**Q** 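There's a structure below that I have some questions on.
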Amino acid sequence: MSGRRERRKERRSGGRRIVLLILLVVALAALVIWLWVGGSTDEAAPEETDETAETEETDSAEEEPEETAETALPEVEQSTGLTLSSVYTSSILNPDCGDEYAEEVASLEVTNSSDSYLVSATLTATLSNGTEVLFEVHDLPAGATAEIFDTENQSVASGVTCTALVCTAEEYIEEDVLLSDTIEVTASGADAVLTNIGDSDLTGLTVVYHCDMARQFFGGMSYTITIDSLAAGESYTLSDSALMGEVAVVRIYQ
């Protein structure tokens, strides 16, 4: 009996060794797998972090110029009604300098924010390089916007900004600038038709108009024609083929 018990003990001891050996192998395999997976994750993490940082820096770089450009617009000093909505450069036939070609000339987008008709205004812009640029705007109805350009056609270097804008002369009127009681103005494509709806003949009429480009005047300078006489019930068609846009009549006076 004692011999059998001893043989059973030997068989059990051998089985335990096998089990322990298997467990050890499994543990080692698990450790190797964990180290391999953990190492790969640790190595990948810095790359993702760098890419994220680069993306955040790129996003910040793209957003900052828009905010800077928007906050960099100066107010129009010494003006009672003009507001500035944009500053940029243009390469154009400059309507504010006799239609001479301009290469990267300073340009402003201004709005008459008053309730009155602006007869004229002179603006002086100071650029970040110290250069002063002169602008003029004429015959701008209340609420209207105009793109105006440097009257001296100076080229502006890249990166130069507008640091100050001063209105040095400004004149407004509050009368019925279109004589709407006696004259009816009808837009007809690129033309404007003026009809005498009164009972009396009209003589010596001066008609002031702008070039309308998508409901925004192109240039600060206005244009004028004279109508010697316009009989009661008679119409006159104003057409200017030299304009890049449509005719926009802004004032009629005798």
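Excluded from the calculations below are hydrogen atoms, water molecules and symmetry mates; all remaining heavy atoms, backbone and side chain alike, are included. None of the values given here were measured: they were computed from a predicted structure. Residues: numbered from 1 along the sequence shown.
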**Q** What are the two closest non-hydrogen atoms of E103 and S91, and how far apart are they?
**A** OE2-OG, 3.7 Å
**Q** Checking the side chain of T237 only, and the main-chain atoms of V193 only, is there a donor and an acceptor separated by less than 3.5 Å?
**A** no
**Q** Between N94 (side chain only) and D150 (backbone N and O only), is there a donor and an acceptor less than 3.5 Å apart?
**A** yes
**Q** Give me the atom names and distance for the closest heavy-atom approach of A125 to C162.
**A** CB-SG, 4.0 Å
**Q** Please test C97 against T151 for side chain to side chain contact (heavy atoms under 4.5 Å, CB included), starting from the C-alpha separation and ending with a verdict.
**A** CA-CA 5 Å; C97 189; T151 58; 5.6 Å; no
**Q** Kindly indicate whether the side chain of I183, heavy atoms from C-beta on, has any atom under 4.5 Å from the side chain of T195.
**A** no
**Q** How long is the straight-line distance from CG of L194 back to CG of L238, given to the nearest 0.5 Å?
**A** 6.5 Å
**Q** Within the 3.5 Å criterion, strictly below it, is a donor on Y209 or D240 matched to an acceptor on the partner's side chain?
**A** yes
**Q** Mind checking the OG1-CG spacing from T182 to L202? Nearest 0.5 Å is all I need.
**A** 5.5 Å
**Q** With distance as the sole test, does S79 use its side chain to make a donor-acceptor pair with the main-chain N or O of C167 at under 3.5 Å?
**A** no
**Q** Considering only heavy atoms from C-beta outward, does the side chain of L243 approach that of Y223 to under 4.5 Å?
**A** yes
**Q** Taking atom types as modelled and ignoring hydrogens, do the side chains of E109 and S85 form a donor-acceptor contact shorter than 3.5 angstrom?
**A** yes
**Q** Do you see a donor-acceptor pair shorter than 3.5 Å between the side chains of Y88 and E147?
**A** yes
**Q** Using atom types as modelled and distance alone, determine if a side-chain donor or acceptor of T111 lies under 3.5 Å from a backbone N or O of S113.
**A** no
**Q** Would you say V160 and V166 are hydrophobically clustered, going by side-chain heavy atoms of ILVMFWY under 4.5 Å?
**A** no
**Q** Under the 3.5 angstrom rule, does the side chain of S107 hit a backbone N or O of V105 as a donor-acceptor pair?
**A** yes
**Q** Checking the side chain of N112 only, and the main-chain atoms of L82 only, is there a donor and an acceptor separated by less than 3.5 Å?
**A** no
**Q** Going by heavy atoms in the side chains, are C211 and P95 under 4.5 Å from each other?
**A** no
**Q** Flag the pair T145 / F217 as yes when at least one side-chain heavy-atom distance between them is below 4.5 Å, and no otherwise.
**A** no
**Q** Are I148 and L134 in one and the same hydrophobic cluster, where Ile, Leu, Val, Met, Phe, Trp and Tyr link if side-chain heavy atoms are under 4.5 Å apart?
**A** no
**Q** For atom CD of E75, decide whether the heavy atoms of other residues, nucleotides or ligands shown that lie under 6.0 angstrom number more than 12.
**A** no
**Q** As an exercise, state the distance from CD of E175 to OH of Y253, rounded to the nearest 0.5 Å.
**A** 10.5 Å
**Q** Quick one: does any side-chain atom of E170 pair with a main-chain N or O of T80 as donor and acceptor, under 3.5 Å?
**A** yes
**Q** If I take atom OG from residue S229 and atom CG from residue L205, how far apart are they, to the nearest 0.5 angstrom?
**A** 8.5 Å
**Q** Does one hydrophobic cluster hold both M244 and I92, with members joined at side-chain heavy-atom distances below 4.5 Å?
**A** yes
**Q** Mark yes or no for whether S128, through its side chain, and T161, through its backbone, hold a donor-acceptor pair below 3.5 Å.
**A** yes
**Q** Taking the side chain as C-beta and beyond, is there a heavy-atom pair between V137 and L118 under 4.5 Å?
**A** yes
**Q** Atom CD in E171, atom CD1 in I173: separation rounded to 0.5 Å?
**A** 7.5 Å
**Q** Looking only at non-hydrogen atoms, find the nearest pair between D212 and Q216 and report the distance.
**A** OD1-N, 3.3 Å
**Q** Would you please test F149 and S90 for side chain to side chain contact (heavy atoms under 4.5 Å, CB included) and show each step?
**A** CA-CA 8 Å; F149 307 93; S90 304; 3.9 Å; yes
**Q** With a 4.5 Å cut-off on side-chain heavy atoms, are L108 and L84 touching?
**A** yes
**Q** I'd like to know if the side chain of D96 and the backbone of M221 have a donor-acceptor N/O pair within less than 3.5 Å.
**A** yes
**Q** Using side-chain heavy atoms (C-beta onward) and a distance below 4.5 Å, is I227 in contact with V207?
**A** yes
**Q** Tell me yes or no: between the side chains of Y117 and D139, is some donor less than 3.5 Å from an acceptor?
**A** yes
**Q** Should we count CD of Q254 as having more than 12 external heavy atoms under 6.0 Å?
**A** yes
**Q** Please determine whether residues I197 and L178 belong to a single hydrophobic cluster, defined as Ile, Leu, Val, Met, Phe, Trp and Tyr linked transitively by side-chain heavy-atom distances below 4.5 Å.
**A** no
**Q** To the closest 0.5 Å, what do you measure between OG1 (T224) and CD1 (I252)?
**A** 13.0 Å
**Q** Do S114 and Y172 have side chains that approach each other closer than 4.5 Å (heavy atoms only, starting at C-beta)?
**A** yes
**Q** How about E132 and T124: does a side-chain donor come under 3.5 Å of a side-chain acceptor?
**A** no
**Q** Give the C-alpha distance, both sets of side-chain angles, the deciding distance and a yes or no for side chain to side chain contact (heavy atoms under 4.5 Å, CB included) between V76 and L123.
**A** CA-CA 8 Å; V76 184; L123 302 167; 3.9 Å; yes
**Q** Hey, is R215 close enough to E246 for a salt bridge, meaning N to O under 4.0 Å?
**A** no
**Q** Look at the side chain of N153 and the backbone N and O of Y101, then say whether any donor-acceptor pair between them is shorter than 3.5 Å.
**A** yes
